[in-house]
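Just so you know, these numbers use all the heavy atoms, side chains as well, and skip hydrogens, waters and symmetry mates.
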Amino acid sequence: MPIPARYDIRTQEGDTYTFAISVDGDKTAETPKFEINNAGVSVLELTTGSGISSSYNGATDKTTWTITITAVQTAALDPTIIYTYDFQTDTSGTILTYLAGILSIQSEVAI
């Protein structure tokens, strides 16, 4: 099994953060999950319909997952904590992790 790609996320507290992952093949039957953790404890989980959407392009034979962490969700994360996260899919109990890294939140600054 391949090692997941590393992608670190840094975003502003209270901002919406959106990114996409594209892979070869039609993976729309797989169940995606994006999970943010603090010391091994899940603090936010996104799935299809609640933060993750997917589409398949037959012409390019690629599936794209779009992950959106809302402004309300980033506002609820503690800027003093460096979180870890992963993005994985589940196909009938077979888990494949595509992406992992750290997630940090920059504090909202009052001017």
Side-chain angles (χ1 to χ4, degrees):
M1 179 180 294
I3 295 174
R6 170 91 188 240
Y7 177 70
D8 294 335
I9 297 171
R10 182 172 176 90
T11 190
Q12 183 74 28
E13 179 181 21
D15 283 2
T16 298
Y17 187 84
T18 300
F19 68 104
I21 302 167
S22 293
V23 297
D24 292 335
D26 184 355
K27 310 291 186 189
T28 54
E30 298 180 9
T31 303
K33 178 175 76 169
F34 179 87
E35 186 172 36
I36 299 173
N37 297 286
N38 176 22
V41 176
S42 178
V43 296
L44 178 64
E45 185 177 301
L46 305 176
T47 58
T48 301
S50 67
I52 300 176
S53 63
S54 65
S55 62
Y56 174 69
N57 182 327
T60 61
D61 191 33
K62 293 208 178 280
T63 297
T64 299
W65 292 287
T66 303
I67 295 103
T68 301
I69 308 168
T70 68
V72 170
Q73 291 166 328
T74 63
L77 295 172
D78 186 341
T80 65
I81 295 172
I82 302 296
Y83 298 93
T84 58
Y85 81 88
D86 61 16
F87 173 78
Q88 55 189 206
T89 60
D90 182 342
T91 307
S92 301
T94 300
I95 307 296
L96 179 60
T97 302
Y98 286 95
L99 197 62
I102 61 170
L103 184 141
S104 58
I105 303 293
Q106 180 163 331
S107 293
E108 187 69 37
V109 178
I111 297 176

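Identified under the salt bridge (charged side-chain N to carboxylate O under 4.0 Å, His left out) test for residues 50-75, with sequence neighbours left out: Asp24-Lys62.
Members clustered with Ile82: Ile102, by chain and number, using a 4.5 Å side-chain heavy-atom cutoff among hydrophobic residues.
Checked against side-chain hydrogen bond (donor to acceptor under 3.5 Å, both in side chains), Thr18 has the following partners two or more places apart in sequence or in another chain: Thr68. Evaluation of the ring-ring contact (aromatic ring centres under 6.0 Å, His included) rule for Tyr83 yields no partner, not counting sequence neighbours. By the ring-ring contact (aromatic ring centres under 6.0 Å, His included) test, Tyr56 is found to be paired with no residue, residues two or more places apart in sequence or in another chain being considered. With sequence neighbours excluded, the residues that form a side-chain contact (heavy atoms from CB on, under 4.5 Å) with Thr64 are Ala20, Ser22, Ser55, Thr66. Legend: residues meeting side-chain hydrogen bond (donor to acceptor under 3.5 Å, both in side chains) with Thr47, ordered by chain and number and at least two apart, are Ser50. Legend: residues meeting side-chain contact (heavy atoms from CB on, under 4.5 Å) with Glu13, ordered by chain and number and at least two apart, are Pro79, Ile105, Ser107, Glu108. In this view, Asp8 and Arg6 satisfy the salt bridge (charged side-chain N to carboxylate O under 4.0 Å, His left out) rule, not counting sequence neighbours. Shown here are the side-chain hydrogen bond (donor to acceptor under 3.5 Å, both in side chains) partners of Thr74, two or more places apart in sequence or in another chain: there are none. Thr80 is linked by a side-chain contact (heavy atoms from CB on, under 4.5 Å) to Asp78, counting only residues two or more places apart in sequence or in another chain.
Remark: Phe87 CZ to Ile67 CD1 distance equals 4.5 Å, nearest 0.5 Å.
For the pair Leu99/Phe19, a side-chain contact is recorded, criterion being any heavy-atom separation below 4.5 Å from C-beta on. With contacts defined as side-chain heavy-atom distances shorter than 4.5 Å, the pair Leu103/Tyr17 does not qualify. When side chains are defined from C-beta on, Leu96 does not count as touching Glu30, because their heavy atoms never get closer than 4.5 Å.
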Verdict with reasoning, Ile69 to Thr11, per side-chain contact (heavy atoms from CB on, under 4.5 Å): CA-CA 10 Å; Ile69 308 168; Thr11 190; over 6 Å; no

Tyr85 vs Tyr7, side-chain contact (heavy atoms from CB on, under 4.5 Å): CA-CA, chis, key distance, verdict: CA-CA 10 Å; Tyr85 81 88; Tyr7 177 70; 3.5 Å; yes

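Residue Lys27 comes nearest to Thr63 through the heavy atom pair N-OG1, 2.7 Å, listed as atom of the first residue, atom of the second, then distance.
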Distance-only donor-acceptor pairs under 3.5 Å for side chains of residues 31-45, two or more places apart:
residue: Glu35; atom: OE2; partner: Ser42; partner atom: OG; Å: 2.9
residue: Asn37; atom: OD1; partner: Ser42; partner atom: N; Å: 3.3

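A donor-acceptor distance shorter than 3.5 angstrom exists from the side chain of Asp26 to the backbone of Thr28, with no hydrogens or angles considered.
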